[in-house]
A.B. asks: 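One structure, as structure tokens, below. Some questions next.
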Amino acid sequence: MLKIFFGDMPKAIYNTEVYFKNKYKDNWLIDPITQEMIKSIDKSTVIGDKVIDSPYLGMIPPTALSGGVKTLILIRNEPKRVFNASTCGDNCADWLLRLAENDDITVNLNHIMDFGKNFEVYVLNEKKKVDNMRDLILIAGKYV
């Protein structure tokens, strides 16, 4: 299940750009789920473990991916860590839910992310399951 903590969270890794740059491993790009995330979010194709073909930027290294994709890749590969997912746009919401289908994943958010209509998350601030945007917005509004 996806667990969300809204607002400042001391344990969260906030600077996902720097963390990714220092912790990224080449074999992360070989993973089919990672390749699917990159295709879905950045509209780019993984060519090899160090090269991505971007329709906007040409051939790029993994460090040139969007902040949202980098955060998703970190969550996929280090699921026990808590990352600030505020670098993720709404286009990452389905991926966060998907990554949390088989494992509990905790993210920190400092904005209201649109999870659509069919979802279930656990908001740590309130110790409450939420399954609709109205309730999520009411809770998030207290903390962000």
Side-chain angles (χ1 to χ4, degrees), residues 1-127 129-133 136-137 139-144:
M1 171 167 279
L2 180 62
K3 297 177 181 181
I4 300 170
F5 187 90
F6 287 106
D8 291 333
M9 185 179 191
K11 293 191 289 184
I13 296 168
Y14 279 87
N15 196 334
T16 54
E17 293 281 331
V18 171
Y19 190 89
F20 185 88
K21 183 178 179 182
N22 290 307
K23 296 292 185 172
Y24 165 77
K25 294 180 178 33
D26 290 338
N27 67 345
W28 290 359
L29 282 189
I30 298 168
D31 175 46
I33 300 294
T34 297
Q35 291 180 7
E36 196 177 336
M37 288 189 296
I38 292 168
K39 186 71 160 170
S40 171
I41 303 298
D42 282 2
K43 312 298 184 232
S44 299
T45 304
V46 174
I47 302 300
D49 62 0
K50 294 180 177 144
V51 180
I52 296 128
D53 185 10
S54 166
Y56 312 106
L57 303 172
M59 297 299 176
I60 60 170
T63 54
L65 289 166
S66 70
V69 168
K70 285 190 251 190
T71 302
L72 291 172
I73 292 170
L74 288 170
I75 291 166
R76 169 108 173 115
N77 288 282
E78 297 191 10
K80 299 300 177 210
R81 295 200 184 273
V82 177
F83 294 97
N84 181 295
S86 291
T87 57
C88 295
D90 290 341
N91 60 340
C92 295
D94 286 339
W95 278 105
L96 288 171
L97 293 169
R98 186 171 167 188
L99 291 172
E101 285 175 355
N102 298 318
D103 295 311
D104 282 346
I105 291 174
T106 301
V107 296
N108 175 236
L109 280 175
N110 287 292
H111 75 285
I112 299 169
M113 183 175 281
D114 185 355
F115 287 97
K117 294 183 181 190
N118 296 316
F119 70 92
E120 185 174 82
V121 298
Y122 185 82
V123 180
L124 292 165
N125 306 70
E126 302 276 324
K127 297 182 173 96
K129 283 186 182 178
V130 177
D131 63 4
N132 65 81
M133 282 308 297
L136 189 66
I137 290 167
I139 292 171
K142 297 178 193 178
Y143 302 100
V144 295

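Because the structure is a prediction, the values reported are computed rather than measured.
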A.B. asks: For residues Gly67 and Thr87, report the shortest heavy-atom separation together with the two atoms involved.
C.D. replies: O-OG1, 3.5 Å
A.B. asks: For Glu36 and Arg98, run side-chain contact (heavy atoms from CB on, under 4.5 Å): C-alpha distance rounded to whole Å, both residues' side-chain angles, the deciding distance at 0.1 Å, then the answer.
C.D. replies: CA-CA 12 Å; Glu36 196 177 336; Arg98 186 171 167 188; 2.9 Å; yes
A.B. asks: Report, one line per pair, each donor and acceptor closer than 3.5 Å where one atom sits in a side chain of residues 46-62; sequence neighbours left out.
C.D. replies:
{"from": "Lys50", "atom 1": "NZ", "to": "Asp26", "atom 2": "OD2", "distance (Å)": "3.3"}
{"from": "Ser54", "atom 1": "OG", "to": "Tyr56", "atom 2": "N", "distance (Å)": "3.1"}
{"from": "Ser54", "atom 1": "OG", "to": "Leu57", "atom 2": "N", "distance (Å)": "3.1"}

A.B. asks: Per the side-chain hydrogen bond (donor to acceptor under 3.5 Å, both in side chains) rule, what does the pair list look like for residues 9-18, sequence neighbours excluded?
C.D. replies: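 Matches after skipping sequence neighbours: Tyr14-Asn108, Thr16-Thr71, Glu17-Lys70.
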A.B. asks: Compare every heavy atom of Met133 with every heavy atom of Phe115, then report the nearest pair and how far apart it is.
C.D. replies: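 Taking Phe115 first and Met133 second, the nearest heavy atoms are N-SD, 3.4 Å.
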A.B. asks: Do the side chains of Leu136 and Val121 get nearer than 4.5 Å, heavy atoms only?
C.D. replies: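 Yes, their side chains come closer than 4.5 Å.
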A.B. asks: Do Leu109 and Val144 come within less than 4.5 Å of each other through their side chains, counting heavy atoms only?
C.D. replies: no
A.B. asks: Considering non-hydrogen atoms only, spot the tightest contact between Lys127 and Tyr122 and give its length.
C.D. replies: CA-OH, 3.1 Å
A.B. asks: How many angstroms lie between OG in Ser66 and CG in Leu72, if you round to the nearest 0.5 Å?
C.D. replies: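 It comes to 8.0 Å.
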A.B. asks: Determine yes or no for a side-chain-to-main-chain donor-acceptor pair under 3.5 angstrom, with Glu120 supplying the side chain and Met1 the backbone.
C.D. replies: no
A.B. asks: Mind checking what makes ring-ring contact (aromatic ring centres under 6.0 Å, His included) contact with Tyr19, not counting sequence neighbours?
C.D. replies: Phe83
A.B. asks: Has the side chain of Asp103 got a donor or acceptor atom that lies under 3.5 Å from a matching backbone atom of Ile105?
C.D. replies: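 Not a single qualifying donor-acceptor pair exists.
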A.B. asks: Taking all non-hydrogen atoms of both residues, which atom of Leu2 and which atom of Leu96 are closest, and how far apart?
C.D. replies: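 Distance-wise, the nearest heavy atoms are CD2-CB, 4.0 Å.
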A.B. asks: Quick one: do Thr45 and Lys39 satisfy side-chain hydrogen bond (donor to acceptor under 3.5 Å, both in side chains)? Show the steps, please.
C.D. replies: CA-CA 6 Å; Thr45 304; Lys39 186 71 160 170; 3.0 Å; yes
A.B. asks: How close do Gly68 and Cys88 get, heavy atom to heavy atom, and via which atoms?
C.D. replies: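 Scanning both residues completely, I find the closest heavy atoms to be O-SG, 3.7 Å.
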A.B. asks: Spell out, as yes or no, whether a donor-acceptor pair under 3.5 Å connects the side chain of Asn125 to the backbone of Phe6.
C.D. replies: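 Yes, the answer is positive, given that a donor and an acceptor are paired below the 3.5 Å cut-off.
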A.B. asks: In chain order, what residues pass the side-chain hydrogen bond (donor to acceptor under 3.5 Å, both in side chains) check against Asp94, with sequence neighbours excluded?
C.D. replies: none
A.B. asks: Apply the side-chain contact (heavy atoms from CB on, under 4.5 Å) test between Leu124 and each candidate in Thr106, Val107, Ile4, Val82; give the one that qualifies.
C.D. replies: Thr106
A.B. asks: Over all heavy atoms of both residues, which pair between Ile13 and Arg81 is shortest? Give the atoms and the distance, please.
C.D. replies: CD1-CD, 3.6 Å
A.B. asks: Taking side-chain hydrogen bond (donor to acceptor under 3.5 Å, both in side chains) as the definition, give me every residue that meets it alongside Thr34, ordered by chain and number, with sequence neighbours left out.
C.D. replies: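 Thr34 satisfies side-chain hydrogen bond (donor to acceptor under 3.5 Å, both in side chains) with Asp31 once adjacent residues are dropped.
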A.B. asks: Could you check whether any side-chain heavy atom of Arg76 comes within less than 4.5 Å of a side-chain heavy atom of Trp28, counting everything from C-beta outward?
C.D. replies: no
A.B. asks: For Lys142, check salt bridge (Lys or Arg N to Asp or Glu O under 4.0 Å) against everything at least two apart and list the hits.
C.D. replies: Glu126
A.B. asks: Measuring from Asn77:CG to Phe20:CZ, what's the distance to the nearest 0.5 Å?
C.D. replies: 8.5 Å
A.B. asks: Taking atom CG of Asn110 and atom CG of Asp8, what is their separation to the nearest 0.5 Å?
C.D. replies: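 Reported to 0.5 Å precision, the distance equals 6.0 Å.
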A.B. asks: Check this for me, if you would: do Lys25 and Glu78 make a salt bridge, where the nitrogen-to-carboxylate-oxygen distance has to be below 4.0 angstrom?
C.D. replies: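 So Lys25 does not pair with Glu78 through a salt bridge.
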A.B. asks: Would you say that more than 12 heavy atoms from the other residues, nucleotides or ligands in this model lie under 6.0 Å from the CG of Asn118, or not?
C.D. replies: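 12 or below, so no.
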A.B. asks: Could you check if a side-chain atom of Met37 sits within less than 4.5 angstrom of a side-chain atom of Asp42, using non-hydrogen atoms only?
C.D. replies: no
A.B. asks: When rounded to the nearest 0.5 angstrom, what distance separates CD1 in Ile73 from CH2 in Trp95?
C.D. replies: 10.5 Å
